[in-house]
*Asks:* 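Questions regarding the structure given below will be posed in turn.
For ligands, and for the atoms within them, numbers begin at 1 and follow the listed sequence. Fair warning: this is a prediction, and the values are worked out from it, not measured in the lab. Index from 1, following the sequence.
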Amino acid sequence: MATPHINAEKDQIADIVLMPGDPLRAKLIADNYLTNVKQFNQVRNMFGYTGYYNGRKVSVMGSGMGMPSMGIYSYELFKFYDVKKIIRIGSCGALTKDLNIYDLILVNSAYSDSTYAYVQNGSTDKTITSSLNLTNKMEEIAKKEEINIIRGNIYTSDVFYKENFSYDEIINKYHCLAVEMETFALFHNAKVLSKEAACILTVSDSLVTKEEISAKARENNFITMIELVLKSI
Ligand code: HPA
């Protein structure tokens, strides 16, 4: 079988999928952490791999950037490949000066002003929560490994380059700590299809201080997140 965007058989994809935005990050996870790896997708270079971590079958696949891309891949994985759980591993921009570059955010809920949910099924929900089960498990592992994480809400935006945009309401009314571009669509799809989704993010830049992470530091922090997520599944 195949979907319009994933050329794989059902049994080639595990029931849990880790999704970084960048498909090359998916390859990095597969190459460095999984054994007995098989590539299951290369359509549009959105690489997907399945392998084993401590005997547990797990898949990794890029989501691409933005809700349309995440929306397509997560929907197809959940609906047509019987995937039960998806964990996004991404980056975000800080909206508060209390967050530092490199901080890890474990997402409680995603707020969005996007029409994604409304167009998808008529939902007017502006905030969608993560799976408590997956999120609590990640927090438990973080505590055990003494990895500092901040649990909080994030804003999922449709637009990276904005003119004269105020984040005041997003920060004060919706209590968002950071901005990224995919999670709301992932959580919405999980809810619609009765599946589980969670998300962990590294702060890669700050909209307050304008500081930015280097590519090398981003990779190091990415490794902390991968290890945390793999140990929690
Ligand atoms: N804006 C939106 N998405 C992001 C950002 C940002 O500043 N940083 C990482 N993902």
*Asks:* Please determine which of M70, M67, E182 meets the side chain to side chain contact (heavy atoms under 4.5 Å, CB included) test together with T156.
*Replies:*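 Testing each of M70, M67, E182 against T156, the sole residue satisfying side chain to side chain contact (heavy atoms under 4.5 Å, CB included) is M67.
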*Asks:* Below 4.0 Å, non-hydrogen atoms only: which portion of S91 touches ligand 1? Side chain, backbone, both or neither.
*Replies:*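 Both the backbone and the side chain of S91 come within reach of ligand 1.
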*Asks:* Measure the OG-CG distance between S59 and L18 for me, rounded to the nearest 0.5 Å.
*Replies:*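 Going from the OG atom of S59 to the CG atom of L18 covers 8.5 Å.
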*Asks:* Which atoms of ligand 1 sit under 4.0 Å from any heavy atom of L207?
*Replies:*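 It comes down to these atoms of ligand 1: 7 (O).
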*Asks:* Can you tell me the protein heavy atom closest to atom 5 (C) of ligand 1 and the distance?
*Replies:*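 Of every protein heavy atom, G93 N, 3.6 Å lies nearest to atom 5 (C) of ligand 1.
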*Asks:* May I ask you to list the atoms of ligand 1 that are less than 4.0 angstrom from any heavy atom of D205?
*Replies:*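 Those of ligand 1 that fall under 4.0 Å from D205 are 5 (C), 6 (C), 7 (O), 8 (N), 9 (C).
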*Asks:* Please write down residue, atom name and distance for the protein heavy atom closest to atom 6 (C) of ligand 1.
*Replies:*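 Protein heavy atom at minimum distance: F160 CE1, 3.7 Å.
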*Asks:* Hydrogens and angles aside, do D113 and Y155 bring a side-chain donor and acceptor to less than 3.5 Å of each other?
*Replies:*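 Present: a donor and an acceptor within the cut-off.
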*Asks:* Does the side chain of S157 pick up a donor-acceptor pair with the side chain of K162 at under 3.5 Å?
*Replies:*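 Present: a donor and an acceptor within the cut-off.
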*Asks:* Do Y167 and N172 have side-chain atoms, one donor and one acceptor, less than 3.5 Å apart?
*Replies:*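 Note: Y167 and N172 side chains miss the donor-acceptor criterion.
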*Asks:* Check whether any heavy atom of C92 sits under 4.0 Å from an atom of ligand 1.
*Replies:*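 It does; at least one heavy atom falls under 4.0 Å.
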*Asks:* Which residue and atom name correspond to the protein heavy atom nearest atom 4 (C) of ligand 1, and how close is it?
*Replies:*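 Scanning the protein heavy atoms, the shortest distance from atom 4 (C) of ligand 1 goes to V179 O, 3.6 Å.
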*Asks:* Do Q42 and N7 get their side chains close enough for a donor-acceptor pair, meaning under 3.5 Å?
*Replies:*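 N7 and Q42 do not have a side-chain donor-acceptor pair below 3.5 Å.
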*Asks:* Within a distance under 4.0 Å of any heavy atom of S204, pick out the atoms of ligand 1 and give their elements.
*Replies:*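 By the 4.0 Å cutoff, the relevant atoms are 8 (N), 9 (C).
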